[in-house]
Amino acid sequence: MRVAVCSDEPYPVHEVVCRLLEARGHTLRKFGAVLSGKEQPWAEVAEQAALAVAGGAVDEGIFFCWSGTGICMAANKVHGVRAALCSDPGQVRAARIWNHANVLCLSNRSLSDDMAKEMLAAWFETEKGTEGTAGVDLLRAVDARQRARAVEEGR
C-alpha cells in the first residue's frame, strides 16, 4: 500500500512510524516536516498530503501535528478525505469500521512509540468492511449539500 505521512513539525515518533510502515511493506510518500525535517504550516502540509490521498497518488495517510486536531481539520477540507483524529487503538478500529477513514491523524505531543505501534496495528489490521456504509453515505450527502450551498452563496 502507498501511504502519505506528514507533519508540520519534526518529532522522533515519525521515524518509528516510518520504520513500522516500511516493515509492513508499505511505500511511503513523505510531506512537510517528515520530508524536510523543518517546521511547515500545518494547513498547507495537510492539504498537500490529503490531495495525494484524494487523487489516488497514495492509498491512505498517517498525518501528525501537535494535537492532531489542526491537521485533521485541514485534511477533511479536501473532498474525498475522511480523516479521523484518534488517541487509542479502539478509536482507530471504530474509525475504520464505522467511518471508513482513509487518513489517521495523530498527536505529535502525546504519541508514544508503543502506542504508535498499537495504533498502526489497529489501522492496518482492521478491515473497512461494509459496516458503517449507511453513515458514510449520509456524510457524502451532507458534503454534497454543503458544497452546493457554498457555490450558491458564492463562497
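Bear in mind that the values here come from a model prediction, so they are computed numbers and not experimental data.
Q40 contributes atom CD, which lies 10.0 Å from atom SG of C6 (distance to the nearest 0.5 angstrom). Distance check: S7 OG to K30 NZ gives 12.5 Å after rounding to the nearest 0.5 Å. Considering CG of D113 and CG of L111, their distance stands at 7.5 Å, rounded to 0.5 Å. In this structure, the separation between OG on S67 and CG on L106 is 11.0 Å, given to the nearest 0.5 Å. To the nearest 0.5 Å, the span separating OG on S107 from CH2 on W66 amounts to 7.0 Å. Taking CD from E47 and CD1 from I71, the interatomic distance works out to 11.5 Å, rounded to the nearest 0.5 Å.
Listed here is the closest heavy atom pair of A101 and A84: CB-CB, 4.0 Å. For A46 against A75, the heavy-atom pair with the smallest separation is CB-N, 3.9 Å. Among all heavy-atom pairs drawn from R29 and A52, the shortest one is NH1-CB, 3.9 Å. What you find for T126 and A122 is that their closest heavy atoms are OG1-O, 2.6 Å.
The shortest distance between side-chain heavy atoms of R93 and W123 does not fall below 4.5 Å. Looking at heavy atoms from C-beta onward, F64 lies in side-chain contact with V13 at the 4.5 angstrom threshold. The side-chain heavy atoms of E60 and M1, taken from C-beta on, include a pair separated by under 4.5 Å. Looking at E127 and I97, their side chains never come closer than 4.5 Å, going by heavy atoms from C-beta outward. Side-chain contact between K117 and L20: present, with at least one pair of heavy atoms (C-beta onward) separated by less than 4.5 Å. Taking 4.5 Å as the limit, some side-chain heavy atom of I62 sits within range of a side-chain heavy atom of L120. You'll find the side chain of K38 stays beyond 4.5 Å of the side chain of P10, heavy atoms only. Put simply, the side chain of C18 reaches to within 4.5 Å of the side chain of V5, judged on heavy atoms.
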Please step through side-chain contact (heavy atoms from CB on, under 4.5 Å) for the pair R140 and R82, ending with a clear verdict.
CA-CA 10 Å; R140 285 187 185 108; R82 288 178 310 284; 4.0 Å; yes
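Counting only N and O atoms by type, the side chains of W42 and E9 include no donor and acceptor under 3.5 Å apart.
Hydrophobic clustering of Ile, Leu, Val, Met, Phe, Trp and Tyr side chains at less than 4.5 Å, counting indirect connections, unites V16 with L104. Note on L28: it clusters hydrophobically with M119, by side-chain heavy-atom contacts below 4.5 Å among ILVMFWY residues. Both L21 and Y11 are part of a single hydrophobic cluster, where members link through side-chain heavy atoms under 4.5 Å apart. Note on V103 and V45: same hydrophobic cluster, where clusters join Ile, Leu, Val, Met, Phe, Trp and Tyr whose side-chain heavy atoms are under 4.5 Å apart, directly or indirectly.
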Please tabulate, for the side chains in residues 146-154, all donor-acceptor contacts under 3.5 angstrom to protein atoms that are two or more places apart in sequence or on a different chain.
from	atom 1	to	atom 2	distance (Å)
Q146	OE1	R149	NH1	3.4
R147	NE	H79	ND1	3.1
R147	NE	D143	OD1	3.1
R147	NE	D143	OD2	2.9
R147	NH2	H79	ND1	3.4
R149	NE	E153	OE2	3.1
E153	OE1	R155	NE	2.8
E153	OE1	R155	NH2	3.0

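The pair E131-R96 fails the salt-bridge criterion, with no side-chain N (NZ, NE, NH1 or NH2) lying under 4.0 Å from an Asp/Glu carboxylate O. With salt bridges taken as basic N to acidic carboxylate O contacts below 4.0 Å, one links E125 and R24.
Judged purely by atom type and a 3.5 angstrom limit, N102 has no side-chain atom pairing as donor or acceptor with the backbone of V81.
The local environment of CE in M115 is crowded, with over 12 non-hydrogen atoms from other residues, nucleotides or ligands closer than 6.0 Å.
Scored by the ring pair (Phe, Tyr, Trp, His ring centres under 6.0 Å) test, F124 finds H26 as partners (sequence neighbours excluded). Residues passing the ring pair (Phe, Tyr, Trp, His ring centres under 6.0 Å) test with F63, sequence neighbours excluded: none.
Put simply, the residue from V78, V58, V3 that forms a side-chain contact (heavy atoms from CB on, under 4.5 Å) with V53 is V58.
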